[in-house]
Amino acid sequence: MARILLGVTGGVAAYKALEFARLAIKAGDTLRVIQTANSQRFVGTDSFAAITGAPVLTSEFERDPLRGSFPGQPLPEHDPASHLELVRRADIFVIAPASANTIAKLAAGIADNLLTSAALAATCPVVVAPAMNNNMWANAATNANVETLKRRGLTIVEPTTGDLATRNEYGMGRLAEPADLLAAVRARMPGGQRPWDGLKVLVTAGGTREPIDAVRYVGNRSSGRMGIALAGAAAALGADVTLIAANIGLPVPPSVHRIDVETAADLADACKSEFPSCDVLLMAAAVADFRPSAPAAGKLKKSDRPELIVPMSRTDDVLTGLAAARQPGQTVVGFAAETGADALANARGKLERKHLDAVILNDIGRPGIGFDSEDNAVTILTATGDTEVPIASKAEVAKAILQAVSGLRSSVRSRA
């Protein structure tokens, strides 16, 4: 897989860098680690050395026993400068956590330790994952420094909102979760190393809401978890992913471009804009079939009527319209939430009627899966047959779906 150079700066979030390293090693990557002096106040070098199987470097003046090579690589014959050889051999340089101080140094081009010297010499992609107090993150100086790094082509994996290091502190500044950080690193890797590098994937997720009045709406129970899992899995394969999120309150992987929508019409407009340039469409959103014909501008008062009758009109079939407009080489996958004995037949009918490449059947009548659950079980329907994916986490189900999509695309290419 990849050779990742991990730079760790001072902060409580350094413990998450250990988990990031563990996940990367488990995925088959090799790592070297640079630690600043302040980072060692939070996590010792022995911990990173044990996980990576390689010595950790802390100073530009110490000799590297591996001479800048990564585990499994041959050692160079000479004894090179560590800050030059490490980044020369790395596929990507990840700085996590990146303190406000280190971000300021990177923006100013200061090279006063091994980590910042390596960053200045890096020609590989550089990913910076900030972690700090929310007020420090919101400070104008930090904002300016981050924007400077973005303009120079560095990737910023922005912090999340939650509990911070000190007691009773809450806000934006938490280091991205290790799994999300690894997905962002995968998405930034140079092309040609992952199976979906160069592909553009469009995912829809969540459930649309159709207004009855200023406060009420007709909606559904979809949380968007399955679509988010698909977006994250596609990004991990190397795809450029756009997620059209219908009323989703959950975070999405940092590498995924998110477009928020509310109604079926909003979702249709976003799809029409994004679909022509995508290679794969994964239509996982639960789109309303009907909408109130004449939503009230204000709030309907309970005291004004003994009952509320809401005339409904059919919404446009977004997926049918997109499938009809598809270009050669595009793969279109629909999702069918069904219940009862006719679930499979209904999903098969959707596959044929809408001329889709695949339909993912989700039997929402089964307990413990489906809407707002962490787990799912689906049947993947294609023209050549059905594949059962047994109950598993939605992340694992997403991987199985994308494997089937890869098979569909390979089959089309082999016939071309």
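When reading the values below, keep in mind they use all heavy atoms of this one structure, side chains included, and skip hydrogens, waters and symmetry mates. Small disclaimer: the values here were computed from a predicted structure and weren't measured.
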_Testing the basics here: between L175 and T160, what is the closest heavy-atom pair and its distance to 0.1 Å?_
O-OG1, 4.2 Å

_For Q403, is the CD atom crowded, meaning more than 12 foreign heavy atoms sit under 6.0 Å from it?_
no

*Does CZ in F42 sit with more than 12 non-hydrogen atoms of other residues, nucleotides or ligands closer than 6.0 Å?*
yes

*Checking side chain to side chain contact (heavy atoms under 4.5 Å, CB included) against N376, which of D363, N362, V389 comes through?*
N362

_Can you tell me if R152 has over 12 outside heavy atoms packed within less than 6.0 Å of its CZ?_
yes

_Quick one about T263 and D266 (side-chain donor to acceptor, distance below 3.5 Å, no hydrogens or angles considered), yes or no?_
yes

_R314 side chain vs R291 backbone, donor-acceptor pair below 3.5 Å_ = no

*Exam field: side chain R188 to backbone I92, donor-acceptor pair closer than 3.5 Å*: no

_For R305, is the CZ atom crowded, meaning more than 12 foreign heavy atoms sit under 6.0 Å from it?_
yes

*For V256 and I228, what are the C-alpha separation, side-chain angles and deciding distance, and is it a side-chain contact (heavy atoms from CB on, under 4.5 Å)?*
CA-CA 9 Å; V256 172; I228 291 172; over 6 Å; no

*Give a yes or no answer on whether the side chain of T52 reaches the backbone of F48 with a donor-acceptor pair at less than 3.5 Å.*
yes

*Does P55 offer a backbone N or O that forms a donor-acceptor pair with the side chain of R32 under 3.5 Å?*
yes

*Can you find a pair of side-chain heavy atoms, one from L282 and one from V405, that are under 4.5 Å apart?*
yes

_Spacing of CZ belonging to R225 relative to OG belonging to S393, to within rounding of 0.5 Å_ = 12.0 Å

_Test your reading of the model: is there a side-chain donor-acceptor pair from Q35 to the backbone of V43, 3.5 Å cut-off?_
yes

*Passes side-chain contact (heavy atoms from CB on, under 4.5 Å), N101 versus K105? Steps please.*
CA-CA 6 Å; N101 186 49; K105 290 180 181 180; 3.5 Å; yes

_N/O donor-acceptor pair under 3.5 Å between R409 side chain and G329 backbone_ = yes

*Below 4.0 angstrom, N of the basic side chain to O of the carboxylate: do E338 and R348 qualify?*
no

*asked:* With rounding to the nearest 0.5 angstrom, report the CD1 to CG distance, I244 to L267.
replied: 5.5 Å

*Check ion pair K272-D316 (N to O, under 4.0 angstrom)*: no

*Which heavy-atom pair separates A13 from A131 by the least distance, and what is that distance?*
CB-CB, 3.9 Å

*Measuring from I401:CD1 to T387:OG1, what's the distance to the nearest 0.5 Å?*
11.0 Å

_Contact check, side chains of K354 and V359, non-hydrogen atoms, under 4.5 Å_ = no

_How long is the straight-line distance from CG of L115 back to CG of L120, given to the nearest 0.5 Å?_
11.5 Å

_Considering all heavy atoms, the nearest V87-L5 contact_ = CG1-CD2, 3.6 Å

*Please report the shortest heavy-atom distance between F335 and M283, naming the atom on each side.*
CD1-O, 3.2 Å

_D29 side, atom CG; L6 side, atom CG - distance, nearest 0.5 Å_ = 11.5 Å

*Ignoring hydrogens and geometry, is there a side-chain-to-backbone donor-acceptor pair from S277 to E274 under 3.5 Å?*
yes

*Would you give the length of the straight line joining atom CD of E210 to atom CG of D289, rounded to the nearest 0.5 angstrom?*
10.0 Å

*Between V146 and W137, what is the shortest heavy-atom contact and its length?*
CG2-CZ3, 3.8 Å

*Atom of V56, atom of A49 and distance for their closest heavy-atom approach*: CG2-N, 3.6 Å

*For the side chain of T208 and the backbone of A288, is there at least one donor-acceptor N/O pair under 3.5 Å apart?*
yes

_With side-chain contact (heavy atoms from CB on, under 4.5 Å) as the criterion, how do Y217 and N247 come out once you've worked through the C-alpha distance, each side chain's angles and the decisive distance to 0.1 Å?_
CA-CA 12 Å; Y217 62 85; N247 305 294; over 6 Å; no

*For G10, does its backbone N or O pair with a side-chain atom of S99 as donor and acceptor, under 3.5 Å?*
no

*asked:* Quick one, R216 and P211 - any side-chain contact, counting heavy atoms below 4.5 Å?
replied: no

*Could you tell me whether the side chain of E169 reaches within less than 4.5 Å of the side chain of N134, counting heavy atoms only?*
yes

*Without swapping roles, check the side chain of R174 against the backbone of D163 for a donor-acceptor pair under 3.5 Å.*
yes

